[in-house]
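Right, one structure below, let's go through it.
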Amino acid sequence: IIFYIFSTLYFQLSFSPLVPQENAGQFFSSGHTNNWAVLVCTSRFWFNYRHVANTLSVYRSVKRLGIPDSHIVLMLADDMACNHRNPKPATVFSHKNMELNVYGDDVEVDYRGYEVTVENFLRVLTGRLPPSTPRSKRLLSDDRSNILIYLTGHGGNGFLKFQDSEEISNVELADAFEQMWQKRRYNELLFIIDTCQGASMYERFYSPNLMALASSQVGEDSLSHQPDLAIGVHLMDRYTFYLLEFLEDIHPSSKANMNDLFKVCPKSQCVSTPGHRTDLFLRDPGSALITDFFGSVRKVEITMETINLTEPIQQRQKETYSYVDQLPVSEIIHQKPKQKDWHPPDGFILGLWTLILLVFFKTYGMKHLKHIF
Amino acid sequence: MAAPLTLLLLVAVTVRAALYRSSLADLISERVEVVSPLTAWKRVVEGLALLDLGVSPYSGDVFHETPLIIYLFHFLVDYAEITFMLADVITAVALYLSVKDYNKQVFRKQKYALEADRYPLDCLELIRSPKEMQYIPLKVAMFYLLNPFTILSCVAKSTCGLNNAVIALFVLSTIKGNVLLSAIFLSLATYQSIYPLTLCAAALLYLLQRQYIPVNLRRFSFWWFVAQYAFMYLGSLFVIVGLSFFLLGSWDFLPSVYGFILSVPDLTPNIGLFWYFFAEMFEHFRLFFLCVFQINVFFYTVPLSIKLKEHPVFLIFMQLAVISIFKSYPTVGDIAASFIKHHKASSASSLNIFLVSCVLLACSALFPVLWHLWIYAGSANSNFYYAITLLFNVAQILLVSDYFYAFLRREHHLSHGLYLKRKDGSEATLVLK
């Protein structure tokens with residue numbers, strides 16, 4: 001009996017301890033088994049300090065909640081910690097008065113500086129990397145991975161600027177996610193973007209199991225939070241600042257769900273209106289935990305009993321995910337019927353030739369007509 | 001006369017067919033001197049392709065041909081080369097027949113004038129005899145068919161050849177005296193490009209003359225004839241435009257064809273004068289200068305018809321020359337049409353034919369050179385090309401005025417004697433003022 005009570009003290013997810021054998025199938029058919037994070041900062045130059053600070057603070061939270069460095073792809077377009085203009089080298093602060101150094105001493109940046117390009121980002125997402133790419137630079141997710149993708153930088157209506165020289169468009173991003181879906185590279189994907197007009201970036205998504213959050217709607221600018229007078233630049237963007245505050249309260253066993261995340265940074269704090277998109281997400285957002293994406297929480301059920309798995313495990317039938325019908329495949333596979341050629345209308349031909357004949361006979365006299373008839 | 005004409009036709013057709021088969025055909029059909037946005041074959045094919053795709057060919061700025069051309073080439077697009085050769089042949093034959101007929105009338109008039117003793121005695125050498133005029137029709141046909149400009153225009157499959165054919169048929173029917181056909185062909189020519197409208201006056205004058213109706217504004221018969229002709233002309237024009245509406249079911253060929261000719265939106269360089277001027281024109285003044293340029297084409301009708309009312313056939317050719325110089329998108333095919341009758345006037349009276357023809361030849365040779373330098377080598381600019389265009393047009397104008405002068409001088413000699421004397425008896429020469 002003591003062992004039985006002991007087993008209930010640990011983390012469980014709607015798991016009835018009474019009949020373990022019957023629930024073993026439910027256990028094995030859980031949603032995701034591993035977590036990945038792709039955190040991208042797309043701007044360079046000292047005055048874009050806050051974008052690096054944004055990304056590093058999300059990185060810090062994600063690591064704290066359990067995702068290891070091997071499962072995080074961190075892309076920073078510029079080095080703020082060792083920038084010549086940084087009065088406090090080897091630090092990146094996210095709060096003014098240098099309260100919180102998000103750089104720390106165990107930051108692993110996978111793509112740095114000029115390696116952060118649209119092409120590299122899309123290759124990381126879709127997995128189309130050259131064979132020589134090291135594992136740390138790859139997103140080795142599978143169909144049971146929950147992926148968190150966080151983008152920050154300067155953006156506009158339908159695009160995000162990379163390195164001040166190129167852009168990724170919302171259509172490209174949507175197509176990349178569709179490729180990921182088709183190659184079964186994710187189970188569920190949470191997309192967070194903190195740029196101006198960020199909502200435009202998730203407008204074009206069409207693959208299932210995507211949830212998206214943005215810091216501002218189309219037509220609005222995302223604003224930065226506080227400048228630090230000693231460092232001389234703005235340290236964080238508002239949305240990510242309040243997101244970080246929210247995440248500081250999350251711990252690995254937290255039951256906070258996505259609906260709480262949608263409430264982060266209302267208009268009174270953020271000035272812009274954060275948006276979210278859940279129509280492609282097949283679960284109810286209220287049932288998706290924060291730690292499903294931000295942490296690496298394993299469903300662990302510790303029991304001292306032995307369970308005989310004699311019968312084949314009946315996996316709970318997942319709802320079959322269907323593709324959003326994007327391409328009229330049948331039309332592409334089968335040739336389009338040849339266009340009918342244009343023909344002049346019959347009335348025209350009739351009229352024209354009647355006139356020609358009339359003129360002909362008028363010129364050459366009526367006796368020809370008489371000869372014919 | 002049939003045999004030499006047939007021989008000439010065969011030679012011309014052979015030359016054109018040989019050029020079609022060579023690699024020059026593609027090269028020539030892209031030269032801007034030979035094709036213009038109005039007449040390019042590429043655009044005809046493009047328009048027909050658009051029509052096959054179910055889109056109106058007049059949407060966009062590609063196709064500027066009339067719907068009757070659509071109808072014609074819908075069935076003949078695979079036989080395009082034969083069509084254009086046939087058009088050239090028809091033009092030549094029509095010119096041949098018309099010149100022959102005109103010669104007969106000239107002889108008749110001369111005979112009457114001789115009998116009426118209207119010629120001064122010392123200008124007998126100026127009177128044309130049938131013997132020297134025997135080969136003139138053939139020469140006219142040859143001049144047109146073997147003209148390098150015509151051959152270039154035919155090989156490029158520019159629809160200018162069709163326009164020339166219609167104008168030649170108009171000339172033929174006018175000279176033969178057939179009022180209905182003349183009106184119909186003139187309306188067809190006007191339908192194709194607006195400028196043959198100016199030939200209306202010349203045709204009217206000729207037909208009036210032929211029917212012995214004096215050109216007296218107070219007489220009823222004059223107005224009655226004018227009304228008849230105008231009715232036939234305008235009627236056939238409306239019928240043709242209406243038929244074109246029924247071909248495609250919409251009126252959007254009107255702005256595409258006539259709006260395009262009149263408002264000159266396309267400023268591709270050609271051998272005319274419009275493009276350079278309008279390329280540097282301020283938008284504010286564009287309409288004004290557009291009106292000025294277009295009126296310039298039509299304006300010469302009035303003084304020329306007043307001056308040449310006794311010689312309407314010459315007036316027709318003068319008008320053709322004026323049109324081909326001043327129209328908005330001239331090509332060398334139009335130039336060829338304007339050269340038709342020019343050899344006929346006696347060359348002894350004209351001053352500087354040699355100089356002018358040398359200039360024309362040199363300019364024609366320089367056109368591709370300066371184009372290459374401007375577009376490909378980049379060491380010249382549009383001013384060079386425009387300079388040659390200007391020179392070419394000036395040479396043409398000089399040619400036209402030269403023939404005009406020669407013609408008038410001949411007429412003057414015929415009425416006042418060959419050796420001109422001033423009132424005090426010293427020798428005088430005629431000067432064209």
Side-chain angles (χ1 to χ4, degrees), chain A residues 156-159 165-167 169-172 174-175 178 200 203-204 206 218 323-373, chain B residues 44-59 63 66-78 166 169-170 172-174 176-188 191 228 232-233 235-250 253:
Chain A
N157 191 353
F159 66 92
S165 68
E166 53 179 359
E167 297 159 0
S169 68
N170 48 5
V171 178
E172 270 182 302
D175 288 340
E178 176 65 11
S200 65
E203 269 172 4
R204 298 296 205 115
Y206 55 92
V218 174
Y323 289 109
V324 176
D325 196 14
Q326 287 299 304
L327 297 172
V329 175
S330 55
E331 271 183 44
I332 293 173
I333 289 177
H334 308 294
Q335 286 290 339
K336 272 208 184 122
K338 188 164 180 338
Q339 289 280 3
K340 234 175 28 162
D341 282 332
W342 171 84
H343 284 290
D346 299 326
F348 173 81
I349 302 178
L350 196 69
L352 186 68
W353 287 101
T354 319
L355 282 170
I356 293 177
L357 278 174
L358 274 175
V359 168
F360 178 75
F361 284 120
K362 172 76 175 61
T363 323
Y364 288 101
M366 297 304 284
K367 43 186 197 286
H368 291 262
L369 254 176
K370 285 204 193 108
H371 277 258
I372 294 173
F373 291 112
Chain B
V44 173
V45 171
E46 184 101 14
L48 289 174
L50 279 174
L51 203 51
D52 275 339
L53 286 171
V55 175
S56 159
Y58 297 110
S59 53
F63 188 71
T66 56
L68 277 183
I69 298 274
I70 296 181
Y71 176 65
L72 181 73
F73 281 114
H74 177 72
F75 299 108
L76 294 176
V77 69
D78 297 322
V166 173
L169 283 169
F170 157 72
L172 175 63
S173 53
T174 314
K176 290 267 183 191
N178 193 331
V179 180
L180 177 67
L181 273 185
S182 155
I184 288 179
F185 281 124
L186 186 62
S187 66
L188 256 181
Y191 168 76
Q228 269 184 316
M232 278 189 275
Y233 172 68
S236 43
L237 191 62
F238 283 135
V239 164
I240 294 174
V241 168
L243 262 182
S244 319
F245 169 70
F246 284 118
L247 185 74
L248 285 174
S250 68
F253 72 97

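Order of the sequence lines sets the chain letters (A, B, ...), proteins ahead of strands, with each chain counted from 1.
Only the side chain of B:L180 comes within contact range of chain A, judged by heavy atoms closer than 4.5 Å. Neither the backbone nor the side chain of B:F245 comes within contact range of chain A; no heavy atoms are under 4.5 Å apart. Residue contact with chain A, scored on non-hydrogen atoms closer than 4.5 Å, is absent for B:I240. Within the 4.5 angstrom heavy-atom criterion, only side-chain atoms of B:I184, from C-beta onward, approach chain A.
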- Message: Apply side-chain contact (heavy atoms from CB on, under 4.5 Å) to residues B:L188 and B:L68 and explain how you reach the verdict.
- Response: CA-CA 10 Å; B:L188 256 181; B:L68 277 183; 4.0 Å; yes
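With respect to B:L248, the side chain to side chain contact (heavy atoms under 4.5 Å, CB included) criterion is satisfied by exactly one of B:Y58, B:Y71, B:F253: B:Y58. Considering B:I70, B:I69, B:L53 as possible partners of B:L48, the one that fulfils the side chain to side chain contact (heavy atoms under 4.5 Å, CB included) test is B:I70.
Using a 4.5 Å heavy-atom cutoff, the side chains of B:Y191 and B:P67 are in contact.
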